[in-house]
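Data block below; observations after.
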There are 2 protein chains.
Amino acid sequence: MGTTHRTLHNRVLAVLGPAIAAGEYACGHAFTLSGLEQEFGVSRTVAREAVRVLESMGLVVSRPRTGIRVRPQRDWSVFDPQLIRWRLAGSARMDQLRSLNELRAAVEPGAAALAAERGPADERAQLVVLAEQMTLTGRAGKLDTFMDLDVTFHRRILELSGNEMLSGLSDVVTEVLVGRTSYDLMPRQPRPEALRLHTAVAQAIRDGLPDVAEAAMRAIVTEVSDALKGTHPSQR
Amino acid sequence: MGTTHRTLHNRVLAVLGPAIAAGEYACGHAFTLSGLEQEFGVSRTVAREAVRVLESMGLVVSRPRTGIRVRPQRDWSVFDPQLIRWRLAGSARMDQLRSLNELRAAVEPGAAALAAERGPADERAQLVVLAEQMTLTGRAGKLDTFMDLDVTFHRRILELSGNEMLSGLSDVVTEVLVGRTSYDLMPRQPRPEALRLHTAVAQAIRDGLPDVAEAAMRAIVTEVSDALKGTHPSQR
DNA sequence: CGGGAATGATTGATAACACTATTGGTGGTG
DNA sequence: CACCACCAATAGTGTTATCAATCATTCCCG
């Protein structure tokens, strides 16, 4: 789960990436390869490979005579898992969490509907079991295991959607749920209403009722976003 | 809008990327650097830079002694714009279009709600004008300009959501809408109901009514997915 | 027959150099 | 004075050669 394996250009990336992602270098800022060589004490080749990766993520553009320029945020590949991790690790963590949470809120109802429509029957049934476990551990106040169950619950639904892009968001959802608890944005004890809704989603998916599943899931995510209300990220 | 500028490793990528994305190389297939050097007639450095980019997209993993192995699809960064383009260009185009369309169907209602909540008032008002133009050109049967308007309509809403990740999907939506017409998945003439719904979405967003906007947008996307019904991509 | 060390294939990393594109200045010209 | 063509400095781009680190395989020894 740690980044890719310990190679030199990855270590350069691990410093340069987060720095750029955090906005430490203004939009037009220009690096030079030789500058990077010196700053990190690496060979030109390594510096170039790091830049290539940053370029493929849209963070920078590299042109002769001009150097390596930081591109405007609008051009970044905001869905790149690496970039998401960098931003979650940096000072923009809170903003990134909010973005991800909104994305998740927008996506999960639709995913639940798809899961109800076309997930394999046995796996759909499993969801109900998961929801029951959530209710139990939630009432017992075991927050840690509750969070784990919550994560797998939402992951499963995304995977059951049968859509590669939606299931590609499961890591994102995990980050959000984990990050939320670590930031104490969760109530001490899961709200009974939330528990009930999770069960409702599970049952609707099991019973193959897309509309019901979608509505119940929407209720879950709107409840969450209500809890975070009032904290809209500055436009920038 | 062509890929990045004409550099050698990009030309290698432009061949290798689509090939892997199209599944021409099985999951565990192993390349070697010297093999790539010869196949493309490039130096080791260039070959490695191409591999670095593929690696950062999760398409391959490069390890000593083992070579460069193709990773399972599950690990690919399916949101990487470059990868999306490659798949749209290749034989998986239809599958990719379906995935994207489902994603869009899942996302847009939520995006419309956010746009209604917090988009700048003047830009929200612009949407109504856009919807009117759509109605006019739609009724007139000018399909080309209608598609352009449709694209900007949906793009605007994503951008108005004020969420960087949602607006990051605007290119995706564009691809879907354009691809759909080029595949004749659109009716000869936009359906009156669809036109009415677009206007409803625009008005709701202008008037700051998230729930109404969300419902109307959901009606739009479900109508579309009903039209594509029955063609679910084969698993894997 | 099993476990661990030798082996060699393959990537990882460095260095030095030639090529090329871009840009910004410079000078000439209308 | 404005504008255009040209030139040169500058950085990335691409090549080659060489060595180091790694790890799947293999083979030998207990």
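The basis for the numbers below is simple: all heavy atoms, side chains too, and nothing from hydrogens, waters or symmetry mates. Bear in mind the structure is a predicted one, so any value in this text is a computation, not a measurement. Chain A is the first sequence line, chain B the second, and so forth, proteins listed ahead of strands; every chain is numbered from 1.
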Protein N or O to nucleotides 20-24 of chain D N or O, pairs below 3.5 Å:
from	atom 1	to	atom 2	distance (Å)
D/dA24	OP1	B/Arg63	NH2	2.5

Rounded to the nearest 0.5 Å, how far does CH2 of A/Trp86 lie from CG of A/Leu13?
5.0 Å
Spacing of OG1 belonging to A/Thr45 relative to CZ belonging to B/Arg52, to within rounding of 0.5 Å:
11.0 Å
So, does [X] use its side chain to make a donor-acceptor pair with the main chain of [Y] at under 3.5 Å?
X	Y	answer
A/Ser77	A/Phe79	no
A/Thr32	A/Gly35	yes
A/Arg206	A/Leu127	no

DNA chain C: 5'-most and 3'-most nucleotides touching chain B, 4.0 angstrom heavy-atom criterion
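Range of nucleotides within reach of chain B: C/dG8 to C/dA13.
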Step-by-step side chain to side chain contact (heavy atoms under 4.5 Å, CB included) determination, B/Asp95 to B/Arg98:
CA-CA 5 Å; B/Asp95 281 357; B/Arg98 259 188 297 255; 3.0 Å; yes
Using a distance-only test with no angle check, is there a side-chain donor-acceptor pair under 3.5 angstrom linking B/Ser167 and B/Glu159?
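Short answer, no.
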Non-hydrogen side-chain atoms of A/Val51 and A/Phe31 separated by less than 4.5 Å:
no
Looking at side-chain heavy atoms only, is the closest gap between B/Leu177 and B/His154 below 4.5 Å?
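Sidechains of B/His154 and B/Leu177: in contact.
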Which ones in residues 34-52 of chain B lie close to DNA chain C, meaning a heavy atom under 4.0 Å from one of its atoms?
B/Arg44, B/Arg48, B/Arg52
State which residue, out of B/Asp171, B/Leu88, B/Leu103, B/Leu100, fulfils the side chain to side chain contact (heavy atoms under 4.5 Å, CB included) condition with B/Val176.
B/Leu100
